[in-house]
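Every chain is numbered from 1, with letters handed out A, B, ... down the list of sequences. These values consider heavy atoms only, across backbone and side chains, with no hydrogens, waters or symmetry-generated copies.
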Amino acid sequence: MIDTKLLLDDFEGTARRLARKGVDPELVRQARDLAEARRHQVQGVDAARRERNEVSARIGSLMREKRAEEAEQARTQAAELGARLEEREAELRATESALEDVVMRLPNLPADDVPDGVSDADNVVRATFGYDPARYAGRDWQPHWEIGERLDILDAARAAKLSGAMFAVVQGAGARLLRGLTSMALDIHRDAYLEVIPPHVVRTEVITRTGHLTKFDTQAYRLRDDELWLIPTGEVALMGMHQGEILAEADLPRRYMAYTVCWRREAGAAGKETRGLQRLHEFHKVELVKLCRPEDSEAEFQSLVADAARPLELLGLPYRIVELCSGDLTFSASRVYDLEVYSPGVDRWLEVSSVSLVTDFQSRRGQIRFRREGGALDYVHALNGSGLATPRVWAAVVEHGLQPDGSVVLPEALVPYAGISTIGAGRA
RNA sequence: GGAGGGAUGGCAGAGCGGCCGAAUGCGAAGCUCUUGAAAAGCUUUGGGAUGCAAGUCCCCGUGGGUUCAAAUCCCACUCCCUCCGCCA
């Protein structure tokens, strides 16, 4: 949620910045008008309430002085004032809920230096590491689902039997590979991030206030008999932990990581680009989250990008850093860098981490604040990114490790974690 | 799942339906005193809305209700504690 003060104080500038994200200025104007109306109505309600309170207070003192008749008169007057007050309150409530409806549809403001653009075609590749096209020429590369089925570490048919499309059964050496990846990622970050094992189901309030559930979002799975939701990412649980809290400035930055299962409905997403482990309803991920002071958030963002890239470095996977253009930014982000791993089997760059700077957008909604040394309260800035998203990294490791003899050699860094160095050579 | 008890300011803990945004204690900050410190004394010490400001309004777990007036009464919900049941 953006600060509604921005709408009143700098309507033009705010509308302009939101327009870079593709927001219709008319919507911004609507929000501004409602915010203004609310401001006036608040004043009216407060004045009406004051009148009523004054008469009420007089009734109190009249009663104490046993001036029953006058008290009775005042009571009639207060009742009238009360009735009028209620009308105004109802009006204000209507305005406030209309305002909230509109403001909730406004995304976070993009950072000023985010490149202009309307779609992913306008995203900018900032850097590419370890990618040598020559390496992929003149050799047969297979998609991970073919390798996986052949080596019996991936079973799409049984996954479909159990749960339907876009679910996976990973087994044997494949399961060890997955487990090893997550262990490795957690180990890499354990000095800088506090490891958390949170609940995987959260209240409606938590998922709503982290911005992952709006009326327009059908991404999350909901439990039928309880007011609970399966988390679509560990970020929901990690961010939710501090909802409504006031942190000490000395406690910032907070850096958390969590290995969780993530569930996403991905409504209507089935298709050719979802084969194998490219996109799943359920997957495993190590998530990194930071809360920090506003003045530190750009630096924390840069280091978060570096942190997210470290597993890819260690695994020796070619990857690139893509900065999302204004129009492709996610709803709550002001800046996003995607990390994409090259997948030789499908000849595509697959997003394996999306590092977002969400500034105060979530913390305003979730009321996560901190007290500065001087005593002033301020909203924390929040950042998040995948520390390692297993399915796609799993896929990249399998595809890159493919040997001419059909076996898969694991990256050296992973061997201690997976407990094996090769899949399919002799034993699966 | 069943039976009870509870939820108030950073913490502890009072609070006859009106004079309670809230006693008191602790903690914290400032000042006085002091060479310095301790002790002592004085002062300050929640959040939000609105306003240039003075001020006004709202918030005592959450949401409703009763009333001229609710921290105080009623209802629902949530969470915490104790006991019983069940259970990895």
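B:C68 and B:G18 make up a base pair, with Watson-Crick or G-U wobble contacts both under 3.5 Å. Pairing partner, B:A23: none, since no Watson-Crick or wobble contact has both distances short of 3.5 Å. When Watson-Crick and G-U wobble pairs are counted only if both distances are under 3.5 Å, B:U56 pairs with B:A49. When both pairing distances are held under 3.5 Å, B:A7 makes a Watson-Crick or G-U pair with B:U78. Within the shown strands, B:U44 is the pairing partner of B:A28 under the Watson-Crick or G-U definition, both distances less than 3.5 Å. A 3.5 Å limit on both hydrogen-bonding distances identifies B:C84 as the Watson-Crick or G-U partner of B:G1. Across all strands shown, nothing is found opposite B:A37 as a Watson-Crick or G-U wobble partner with both distances under 3.5 Å.
Under the salt bridge (Lys or Arg N to Asp or Glu O under 4.0 Å) criterion, A:Arg20 pairs with A:Asp116, sequence neighbours left out. In this structure A:Glu87 satisfies the salt bridge (Lys or Arg N to Asp or Glu O under 4.0 Å) test with no other residue, sequence neighbours excluded. A:Arg29 pairs by the salt bridge (Lys or Arg N to Asp or Glu O under 4.0 Å) definition with A:Glu26, not counting sequence neighbours. The side chain to side chain donor-acceptor pair (under 3.5 Å) check on A:Glu72 picks up nothing, with sequence neighbours excluded.
B:G61 sits 23 Å from B:U67 when the C1' atoms are compared, rounded to a whole Å. For B:C58 and B:C20, the C1' atoms lie 15 Å apart once the distance is rounded to whole Å. Here, B:G6 and B:C87 have their P atoms 31 Å apart, quoted to the whole Å. A distance of about 28 Å separates the P atoms of B:C77 and B:C68, rounded to the whole Å. Taking atom P on both B:G65 and B:A69, the two are 12 Å apart, rounded to the nearest angstrom. Only the C1' atoms considered, B:C59 is 9 Å distant from B:G21, to the nearest whole Å. Between the P atoms of B:U44 and B:A23, the separation comes to 12 Å (whole Å). The separation of B:U24 from B:U78, taken at their C1' atoms, amounts to 30 Å, rounded to a whole angstrom.
Atoms CD (A:Gln367) and C1' (B:G48) sit 9 Å apart, rounded to a whole Å. Between A:Asp9 atom CG and B:C52 atom P the separation is 11 Å, expressed in whole Å. Per the geometry, CZ belonging to A:Arg88 stands 19 Å off P belonging to B:U56, to the nearest Å. What separates CD of A:Glu89 from P of B:C57 is a distance of 13 Å, to the nearest Å. For the pair A:Arg369 CZ and B:G46 C1', the computed distance is 10 Å after rounding to whole Å.
Residues A:Arg364 and A:Asp360 are paired through a salt bridge, judged by an N-O separation under 4.0 Å between the basic side chain and the carboxylate. Note on A:Glu149 versus A:Arg275: no salt bridge recorded, every NZ/NE/NH1/NH2 to OD/OE distance being 4.0 Å or above. Between A:Glu205 and A:Arg203, no side-chain nitrogen of the basic residue sits less than 4.0 Å from a carboxylate oxygen of the acidic one, so the salt-bridge criterion is not met.
Within 4.0 Å of A:Leu81, counting heavy atoms only, lies no atom of the nucleic acid at all.
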Distance-only donor-acceptor pairs under 3.5 Å for side chains of residues 157-172 of chain A, two or more places apart:
| residue | atom | partner | partner atom | Å |
| --- | --- | --- | --- | --- |
| A:Arg158 | NH1 | A:Asp155 | OD2 | 2.6 |
| A:Gln171 | NE2 | A:Asp152 | O | 3.3 |
| A:Gln171 | NE2 | A:Asp152 | OD1 | 3.1 |

Scan the side chains in residues 302-316 of chain A for donor-acceptor partners under 3.5 Å anywhere in the protein, sequence neighbours excluded, and list what turns up.
| residue | atom | partner | partner atom | Å |
| --- | --- | --- | --- | --- |
| A:Ser303 | OG | A:Lys290 | NZ | 2.7 |
| A:Ser303 | OG | A:Glu300 | O | 3.1 |
| A:Asp307 | OD2 | A:Tyr193 | OH | 2.6 |
| A:Glu313 | OE2 | A:Tyr319 | OH | 2.5 |

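Checking B:U50, B:C58, B:G47 against the side-chain heavy atoms of A:Val42 singles out B:U50 as nearest.
For A:Thr95 (side chain) and A:Glu91 (main-chain N/O), a donor-acceptor pair under 3.5 Å exists by modelled atom type.
Contact annotation: A:Arg371 side-chain N/O to B:G47 OP1/OP2 distance is under 4.0 Å.
Only at 4.0 angstrom or more do the heavy atoms of residues 235-249 of chain A sit from any atom of RNA chain B, so none qualifies.
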Nucleic acid footprint by protein, nucleotides 66-78 of chain B - heavy-atom cut-off 4.0 Å, B for base, S for sugar-phosphate alone: --BS--------S
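Evaluation of the ring-ring contact (aromatic ring centres under 6.0 Å, His included) test over residues 355-375 of chain A, restricted to residues two or more places apart or in two chains, returns A:Phe331-A:Phe361.
Across the interface with RNA chain B, nearest-nucleotide mapping of A:Arg38 and A:Ser61 shows A:Ser61 to be the residue nearer the 5′ end.
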